[in-house]
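Before any comments, here is the structure.
Treat the numbers as computed from the prediction; the structure is a model and nothing was measured. Within every chain, numbering begins at 1; the chains are lettered A, B, ... in the order of the sequence lines, protein sequences first and strands thereafter.
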2 protein chains.
Amino acid sequence: MVRKPAKSNVKAVSTRKPNMREAILAAAEELFSTYGFNAVSVRDIAQAAGANPGSVTYHFKTKDGLLLEIYRRHCGPMNRRRSELLAAARRVRDLQDRLEAIVRAYVLPAFTSGSDLAGGGTRFTRLRAIMSAEGNEVVRKIIAQTFDDTSHAFIDAIHESLPHIPRTDLVWRGHFLLGALYYTLVTPERVSRLSRGSADGTDAGHAIEELVRATVAALQAAPLDPATPAPRKAPGFAPGRALT
Amino acid sequence: MVRKPAKSNVKAVSTRKPNMREAILAAAEELFSTYGFNAVSVRDIAQAAGANPGSVTYHFKTKDGLLLEIYRRHCGPMNRRRSELLAAARRVRDLQDRLEAIVRAYVLPAFTSGSDLAGGGTRFTRLRAIMSAEGNEVVRKIIAQTFDDTSHAFIDAIHESLPHIPRTDLVWRGHFLLGALYYTLVTPERVSRLSRGSADGTDAGHAIEELVRATVAALQAAPLDPATPAPRKAPGFAPGRALT
DNA sequence: ACCATATTTGTACTATCGTCCAAATATTCA
DNA sequence: TGAATATTTGGACGATAGTACAAATATGGT
């Protein structure tokens with residue numbers, strides 16, 4: 001991790017942490033979601049939390065354990081929120097409105113988690129985005145056993161609103177949605193740059209509206225011809241590791 | 001990086017590398033694009049290339065220098081290919097067909113680069129995806145001075161085909177496209193998993209078609225109301241570091 | 001106030017990191 | 001061929017990594 005000059009000899013006596021475990025979790029979440037898991041050391045986290053490196057080991061045993069606990073904290077609330085919103089969306093009468101409500105139910109909790117109000121959902125989603133790129137073993141297990149159910153529920157709901165589109169296409173389009181969502185959280189300033197200041201990539205509200213609008217349109221697109229002609233045989237690709 | 005048991009005492013005498021520099025580059029590209037920059041050590045690369053760690057330093061001075069050289073190798077050919085395809089796409093008469101051709105011109109070179117036939121473009125794009133998540137300083141500079149021009153050219157071309165849609169919306173939707181593209185290359189097996197085997201996430205040809213179809217529809221969607229009501233003031237989000 | 005327990009501290013251990021360097025070896029060209 | 005140059009080698013350096021552990025300190029119930 002990039003370090004500041006940092007020659008402070010003073011100990012962090014000013015602020016006494018009432019709950020060091022929580023402070024460590026918060027610091028780790030912030031640092032991981034900003035620099036990635038590999039680039040942040042246990043010592044970085046301890047320093048940011050005003051704690052001793054040994055305390056991290058005491059509370060979470062290993063660095064992976066710390067990451068695991070962060071996921072544990074957020075997965076429950078976020079998926080619960082998603083289920084609630086999805087259930088409400090399913091009850092929308094108008095088909096077009098229902099589809100939009102479903103997409104919104106998927107996107108919204110990614111920006112505002114139930115566990116933390118001030119951008120907590122955003123931070124955790126950004127962490128998930130980075131972890132999906134870095135590819136951690138601990139995360140892989142959690143993803144498969146926690147998020148796949150939710151993903152299937154959303155795909156099924158979408159399929160109900162768009163029964164004429166094969167599930168396969170909806171899986172692809174839902175996948176694209178997640179990729180767009182991740183990339184927006186990881187690289188928001190690119191939007192500001194390319195729009196020459198006329199858009200703010202970090203404006204969560206605006207990002208959500210753009211994402212929902214674009215996704216609904218993409219989902220409604222005509223399906224690919226089932227008799228795929230496959231005009232040129234493109235070579236398959238796959239990374240050498242098992243991924244998220 | 002995850003290491004195999006690896007207790008081979010035999011030296012790599014069997015295969016003599018005619019050009020060690022190229023072998024190192026190839027190994028680094030493969031490893032970086034699979035495990036990320038931070039997770040791969042210079043020694044990992046040297047071993048994969050059948051070289052001595054010192055050789056890496058000799059040819060590329062630093063680890064960052066090695067990454068830089070990989071980008072140098074690919075950026076030129078890829079953007080040249082994109083320009084060619086974009087120029088051809090601009091000449092398409094039918095507006096709908098032209099839009100699709102433009103999107104295809106953006107997506108295709110990301111899968112098949114001019115420099116390497118066997119998935120070289122895919123590998124490099126996956127690397128870019130991972131680097132955008134990890135956030136490397138060297139990459140940041142290259143991105144801004146190499147890819148932004150191309151991005152603007154594509155946005156402009158799209159805007160010509162869809163003049164009634166504000167540029168801002170097109171920037172967002174182009175951003176979503178890149179995110180979807182990256183995510184598909186980084187996590188293709190998720191598509192296979194969620195589709196329960198009815199789709200192959202690693203099938204580049206299929207991925208391209210799905211991506212083009214979804215993106216064209218998203219681009220054509222009605223723009224967001226310019227008088228954005230901003231119903232709830234969502235808090236801004238931004239990572240603590242400057243990003244790609 | 002006392003004890004049992006929970007937590008924090010400081011330090012140490014081993015492994016691996018990126019980079020460096022002098023010696024050994026290949027290669028190139030007059 | 002022989003000299004000049006380019007490359008490879010193996011080992012070393014200091015820095016930092018994750019983790020472990022005993023001693024010190026804080027905490028809570030009686």
Side-chain angles (χ1 to χ4, degrees), chain A residues 1-28 31-32 35-70 134 136-138, chain B residues 1-28 31-32 35-70 134 136-138:
Chain A
M1 171 190 170
V2 184
R3 220 173 290 284
K4 304 159 204 160
K7 64 162 190 169
S8 70
N9 298 338
V10 293
K11 289 195 175 182
V13 279
S14 53
T15 53
R16 295 223 7 218
K17 302 284 175 179
N19 195 340
M20 190 59 89
R21 187 185 151 94
E22 295 303 318
I24 292 171
L25 271 173
L31 290 174
F32 286 159
Y35 301 97
F37 182 76
N38 293 326
V40 174
S41 71
V42 173
R43 287 170 175 82
D44 290 331
I45 297 165
Q47 181 177 334
N52 189 287
S55 282
V56 179
T57 309
Y58 170 74
H59 285 291
F60 306 100
K61 201 64 188 173
T62 67
K63 194 184 172 189
D64 275 336
L66 177 51
L67 181 67
L68 184 65
E69 182 58 26
I70 293 174
E134 285 196 336
N136 178 280
E137 188 56 41
V138 171
Chain B
M1 172 190 171
V2 184
R3 221 172 289 284
K4 305 158 203 160
K7 62 163 192 170
S8 71
N9 298 340
V10 293
K11 291 194 175 183
V13 281
S14 53
T15 52
R16 293 227 4 224
K17 302 283 175 179
N19 195 342
M20 190 59 89
R21 187 185 151 93
E22 295 302 319
I24 292 170
L25 271 172
L31 290 175
F32 286 159
Y35 301 98
F37 183 76
N38 293 326
V40 174
S41 71
V42 173
R43 285 170 176 82
D44 289 331
I45 297 165
Q47 181 178 333
N52 189 286
S55 282
V56 179
T57 309
Y58 171 73
H59 284 290
F60 306 99
K61 202 64 187 173
T62 65
K63 194 184 172 189
D64 275 336
L66 177 51
L67 181 66
L68 184 65
E69 182 58 27
I70 293 174
E134 284 196 337
N136 179 279
E137 189 55 40
V138 171

Rounding to an integer number of Å, can you tell me how far [X] [atom1] sits from [N] [atom2]?
X	N	atom1	atom2	result
Phe60(B)	dC20(C)	CZ	C1'	17 Å
Asp44(A)	dA15(D)	CG	C1'	14 Å
Asn38(B)	dA17(D)	CG	P	12 Å
Lys61(A)	dT7(C)	NZ	C1'	14 Å
Leu31(A)	dG18(D)	CG	P	12 Å
Asn52(B)	dG18(C)	CG	P	14 Å
Arg43(A)	dA15(C)	CZ	C1'	12 Å
Lys63(B)	dC20(C)	NZ	C1'	17 Å

Partners meeting side-chain contact (heavy atoms from CB on, under 4.5 Å) with Asp64(A) (sequence neighbours left out):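 For Asp64(A), the residues satisfying side-chain contact (heavy atoms from CB on, under 4.5 Å) (neighbours in sequence not counted) are Phe37(A), Thr62(A), Asn136(A), Val138(A).
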Whether [X] contacts [N] is assessed here as follows: a side-chain N or O lying under 4.0 Å from the phosphate OP1 or OP2. Is that the case?
X	N	result
His59(A)	dA6(C)	no
Ser41(B)	dC17(C)	yes
Tyr58(A)	dT8(C)	no

field: Salt bridge Lys61(A)-Glu69(A), side-chain N to carboxylate O under 4.0 Å
entry: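 Salt bridge between Lys61(A) and Glu69(A), a charged N being under 4.0 Å from a carboxylate O: no.
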task: Quick one: closest heavy-atom pair of Lys63(B) and Val40(B), and the distance?
output: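 Taking Lys63(B) first and Val40(B) second, the nearest heavy atoms are NZ-O, 2.7 Å.
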message: Tell me the closest heavy-atom pair linking Ala49(A) and Ala23(A), and the distance in Å.
response: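 Smallest heavy-atom distance, with atoms named: CB-O, 3.6 Å.
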